[in-house]
**Student:** 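The structure is given below, and queries will be raised subsequently.
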Amino acid sequence: QVQLVEFGGGLVQAGGSLRLSCVASGRTFSDYPMGWLRQAPGKEREFVAAISRSGVTTMYADSVKGRFTIYRNNTKNTVALQMNSLKPEDTAVYSCAAGSRYSGVSSRARAFSFWGQGTQVTVSS
């Protein structure tokens, strides 16, 4: 199984930017569609963004479309999330997540089988 470690979270003002990164260990990273999920206090984990195995196809939640961009580098076993124009409602723990190696990219949180410990993103108003 792929092990995932996220970093890059922090505290920013509304309108600011952050770039989250995820480093994966494992020999089959490129076999997995990857994504980012987030969970705010008192709320369920929700889908944020996803990227296909090759990186050609990306998907985004409507709430972040146009503001966030997901990237992956299969050579370095990394996936990143560029977050621009951040809003207070973006405040959450963001987790890098791996989908099924037998399925394509998905915009459903339930499609991701496992994820890292998460990194905190806090957006102040």
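Start at 1 with the first residue, then count along the sequence.
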**Student:** With a 4.5 Å heavy-atom cut-off, do M83 and R19 have their side chains touching?
**Tutor:**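 Contact flag for M83/R19 side chains = no.
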**Student:** Could you measure the distance from the OG atom of S21 to the CG atom of L81? Nearest 0.5 Å is fine.
**Tutor:**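 With rounding to 0.5 Å, OG (S21) is 9.5 Å from CG (L81).
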**Student:** Got a second to check how far K87's NZ is from S125's OG, nearest 0.5 Å?
**Tutor:**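 Answer rounded to 0.5 Å: 13.5 Å.
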**Student:** CG of L37 to OH of Y94: how many Å apart, nearest 0.5 Å?
**Tutor:**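 Here the interatomic distance stands at 11.0 Å.
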**Student:** Going by salt bridge (charged side-chain N to carboxylate O under 4.0 Å, His left out), name the pairs with one or both residues in residues 55-78, residues two or more places apart or in two chains.
**Tutor:**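 Found D62-K65, R67-D90.
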**Student:** What residues form a salt bridge (Lys or Arg N to Asp or Glu O under 4.0 Å) with E89, not counting sequence neighbours?
**Tutor:**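 Not a single residue meets the salt bridge (Lys or Arg N to Asp or Glu O under 4.0 Å) criterion with E89.
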**Student:** Is there a side-chain contact (heavy atoms from CB on, under 4.5 Å) between F68 and L86? Walk through the geometry before answering.
**Tutor:** CA-CA 9 Å; F68 293 7; L86 284 162; 3.8 Å; yes
**Student:** Would you please say whether a donor-acceptor pair under 3.5 Å links the side chains of N73 and T78?
**Tutor:**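 N73 vs T78: no donor-acceptor pair found between side chains.
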**Student:** Can you list every salt bridge (charged side-chain N to carboxylate O under 4.0 Å, His left out) pair that touches residues 114-125, not counting sequence neighbours?
**Tutor:**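 Applying salt bridge (charged side-chain N to carboxylate O under 4.0 Å, His left out) to every pair that reaches into residues 114-125, excluding sequence neighbours, yields nothing.
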**Student:** Could you tell me which non-hydrogen atom of R38 sits nearest to which non-hydrogen atom of S63, and how far apart they are?
**Tutor:**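 Taking R38 first and S63 second, the nearest heavy atoms are NH2-OG, 3.5 Å.
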**Student:** Is it true that, when you exclude Q13 itself, more than 12 heavy atoms of the residues, nucleotides or ligands shown sit nearer than 6.0 Å to its CD?
**Tutor:**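 Counting neighbours around CD of Q13, 12 or fewer heavy atoms of other residues, nucleotides or ligands fall under 6.0 Å, so no.
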**Student:** Is any side-chain heavy atom of Y71 less than 4.5 Å from a side-chain heavy atom of Q82?
**Tutor:**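 Yes, close enough: below the 4.5 Å cut-off.
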**Student:** Would you check if the side chain of E6 reaches a backbone N or O of Q117 as a donor-acceptor pair within less than 3.5 Å?
**Tutor:**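 Answer holds: yes.
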**Student:** Could you check E44, E46, R45 and say which one makes a side chain to side chain donor-acceptor pair (under 3.5 Å) with Q39?
**Tutor:**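 Result: among E44, E46, R45, R45 is the only option passing the side chain to side chain donor-acceptor pair (under 3.5 Å) with Q39.
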**Student:** Is any side-chain heavy atom of V121 closer than 4.5 Å to a side-chain heavy atom of L18?
**Tutor:**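 Contact flag for V121/L18 side chains = yes.
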**Student:** Just wondering, do S52 and P33 contact through their side chains at under 4.5 Å, heavy atoms?
**Tutor:**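 Contact flag for P33/S52 side chains = no.
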**Student:** Taking only residues two or more places apart in sequence, or in another chain, which ones meet T91 in a side-chain contact (heavy atoms from CB on, under 4.5 Å)?
**Tutor:**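 Partners of T91 under the side-chain contact (heavy atoms from CB on, under 4.5 Å) test: Q120, T122, V123.
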**Student:** Hey, what do you get for OG1 (T57) to CD1 (I51), rounding to the nearest 0.5 Å?
**Tutor:**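 Answer for the OG1-CD1 pair, T57 versus I51, is 8.5 Å.
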**Student:** Not counting sequence neighbours, list each pair that qualifies as a salt bridge (charged side-chain N to carboxylate O under 4.0 Å, His left out) and has a residue in residues 101-121.
**Tutor:**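 Only D31-R101 qualify under salt bridge (charged side-chain N to carboxylate O under 4.0 Å, His left out).
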**Student:** I need the minimum non-hydrogen distance between S106 and F47, along with the two atoms involved.
**Tutor:**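 Scanning both residues completely, I find the closest heavy atoms to be O-CE1, 3.5 Å.
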**Student:** Going by disulfide (SG to SG under 2.5 Å), name the pairs with one or both residues in residues 69-125, residues two or more places apart or in two chains.
**Tutor:**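 Residue pairs with at least one partner in residues 69-125: C22-C96.
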**Student:** Could you tell me whether the side chain of L4 reaches within less than 4.5 Å of the side chain of F114, counting heavy atoms only?
**Tutor:**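 They are in side-chain contact.
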**Student:** Counting only N and O atoms by type, is there a donor-acceptor contact under 3.5 Å from the side chain of Y60 to the main-chain atoms of I70?
**Tutor:**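 Confirmed, Y60 side chain pairs with I70 backbone.
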**Student:** If you define the side chain from C-beta out and look only at heavy atoms, does anything of T119 sit under 4.5 Å from L20?
**Tutor:**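 In short, these two side chains touch, coming nearer than 4.5 Å.
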**Student:** Any non-hydrogen side-chain atom of F112 less than 4.5 Å from a side-chain atom of M34?
**Tutor:**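 No - every pair of side-chain heavy atoms lies 4.5 Å or more apart.
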